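Notes for the one structure printed next.
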Protein chains: 2
Amino acid sequence: MDRELLLLGILREQEMHGYELHEFIDKNLASCTDMKKSTAYYLLKKMEEAGLISQETRQEGNRPPRQVYHLTPAGEAEFQRLLRENLAHYRTAYFTGDIGLVFLDQLDPAEARSLLLKRRAELADELAVAESIPGHPSSLQLVFDHLVYHLRAELAWTDSIIQRLNGSDA
Amino acid sequence: MDRELLLLGILREQEMHGYELHEFIDKNLASCTDMKKSTAYYLLKKMEEAGLISQETRQEGNRPPRQVYHLTPAGEAEFQRLLRENLAHYRTAYFTGDIGLVFLDQLDPAEARSLLLKRRAELADELAVAESIPGHPSSLQLVFDHLVYHLRAELAWTDSIIQRLNGSDA
DNA sequence: ATTCAAATAGTCAATTTTGACTATATTATG
DNA sequence: CATAATATAGTCAAAATTGACTATTTGAAT
């Protein structure tokens, strides 16, 4: 339901067509969800059938016609409901990367260490990117702040694992 | 692929049947993945068809017969590959809870605050549960440590948002 | 000994999600 | 100007995921 909330919330502030919608989420909200383009279209069609949004074919210049979506009153009500539902509950994030850690002792410490150093480098890169995003005046700022806060914690934690491996290596 | 890695890795250490496998993941590795029972069965069947695991019907007492799975050499090779792949890369966790935060300013600060306090309570409960798990001697310890570390960070961050709302409320 | 609840072990249809593909428009490059 | 690359806007069949359901066994309570 969270993805519906996201689509409804964005459309509520500004009518958009499917491509633009996915583009926006992919650029700005990648830390919240990894919704693919085709999923966005699927959800839009589903919500349109449910009467939450209505589409309007719009022609601009000699571009091919695009479907522009906007909220219906029912969609507005659903947005309000989903927003409160989301805010009132804590949903844990899943750490797929921990699955590998479960079997870390199956590798010799030297190889484990070198693999995790590669992981650490990717993480550090992501953090650098996140930190370089200039302050956003919008409500997206919270999301960016959270991302940076989280990535810093992850980096420290990853370093602590690598540290342990250094020990068992000596 | 991470779920395959998880199933292969567990089966590698101890042969199991589908129900037991899902049970184990659900109890111990809920912070890594939220795989449903039917998904586990689907993946087991798929991996069996791919020759990564083989099943054996086993009868115990007068219970109905159960399918017990164990790794094939191809499965062992795939495990090794997936393990290195997983360890060498950083996969971000997704914060579905942040979707609500994007639209936080659509509510009046008092209501937003009360909703987030409910969320905070759930988070604090989860943290308490995670902290109460006694030290595990196995390789699962890393996962539990990570979970506690992460939940503490999340709690602090959630408190910081609530704090901001207190300010704008006064 | 009987009934009730919980644990065990799955199956299957329906839903959700995705990757691969199509097609046009705009911009850049030589 | 031709053409190559990229951005725009989607569609669709295949794959993954799930919720709801069935059915037996074990343990507990009466």
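Everything numeric in this text was worked out from a predicted model, so none of it was measured. Protein chains get the first letters and strands the later ones, always in sequence-line order, with residue 1 at the start of each.
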**OP:** Report yes or no: does Thr158(B) contribute a side-chain atom to a donor-acceptor pair with the main-chain N or O of Arg120(B) at less than 3.5 Å?
**Re:** no

Original post:
If only atom types and distance count, is the side chain of Arg119(B) paired as donor or acceptor with the main-chain N or O of Leu115(B) below 3.5 Å?
Top reply: no

**OP:** Name every residue in residues 2-18 of chain B that has at least one heavy atom under 4.0 Å from any atom of DNA chain C, in order of residue number, or write none if there are no such residues.
**Re:** His17(B), Gly18(B)

Original post:
Counting only non-hydrogen atoms, which of residues 28-53 of chain B are less than 4.0 Å from DNA chain C?
Top reply: Lys37(B), Ser38(B), Tyr41(B)

**OP:** Classify the nucleic acid contact of Glu23(B) as base, sugar-phosphate or nothing, counting any heavy atom under 4.0 Å across all strands shown.
**Re:** sugar-phosphate

Starting from [atom2] on [N], measure out to [atom1] on [X] and report it in whole angstrom.
| X | N | atom1 | atom2 | result |
| --- | --- | --- | --- | --- |
| Met1(A) | dT15(C) | CE | C1' | 11 Å |
| His22(B) | dG19(D) | NE2 | P | 10 Å |
| Asp26(A) | dA7(D) | CG | P | 13 Å |
| Arg66(A) | dT11(D) | CZ | P | 14 Å |
| Tyr19(A) | dA23(C) | OH | C1' | 13 Å |

Original post:
Using 4.0 Å as the upper bound for N to carboxylate O, is an ion pair formed by Lys45(A) and Glu48(A)?
Top reply: no

Original post:
What residues in residues 96-103 of chain A put a non-hydrogen atom under 4.0 Å from any atom of DNA chain D?
Top reply: none

Original post:
At how many degrees, to 10°, do the end axes of the helix from dA1(C)-dT30(D) to dG30(C)-dC1(D) meet when each uses five pairs?
Top reply: 30°

**OP:** Consider only side-chain N and O atoms of Thr57(B) and Gln67(B), and report whether a donor and an acceptor are under 3.5 Å apart.
**Re:** yes

**OP:** For Arg3(A), check side chain to side chain donor-acceptor pair (under 3.5 Å) against everything at least two apart and list the hits.
**Re:** Thr33(A)

**OP:** Under the side chain to side chain donor-acceptor pair (under 3.5 Å) rule, collect the residues that match up with His22(B), sequence neighbours excluded.
**Re:** none

Contact check, side chains of [X] and [Y], non-hydrogen atoms, under 4.5 Å:
| X | Y | value |
| --- | --- | --- |
| Glu23(B) | Ile25(B) | no |
| Val102(B) | Leu140(A) | yes |
| Phe95(B) | His150(A) | yes |

Original post:
What residue among Glu15(A), Glu76(A), Glu78(A) forms side chain to side chain contact (heavy atoms under 4.5 Å, CB included) with Leu71(A)?
Top reply: Glu76(A)

Original post:
What pair of heavy atoms forms the shortest contact from Gly18(B) to Tyr69(B), and how long is it?
Top reply: N-CE1, 4.1 Å

**OP:** Indicate the atoms forming the closest heavy-atom contact of Asn28(B) with Phe144(B), along with that distance.
**Re:** O-CE2, 3.6 Å

**OP:** Can you establish whether the number of heavy atoms outside Arg91(A) located under 6.0 Å from its atom CZ is more than 12?
**Re:** no

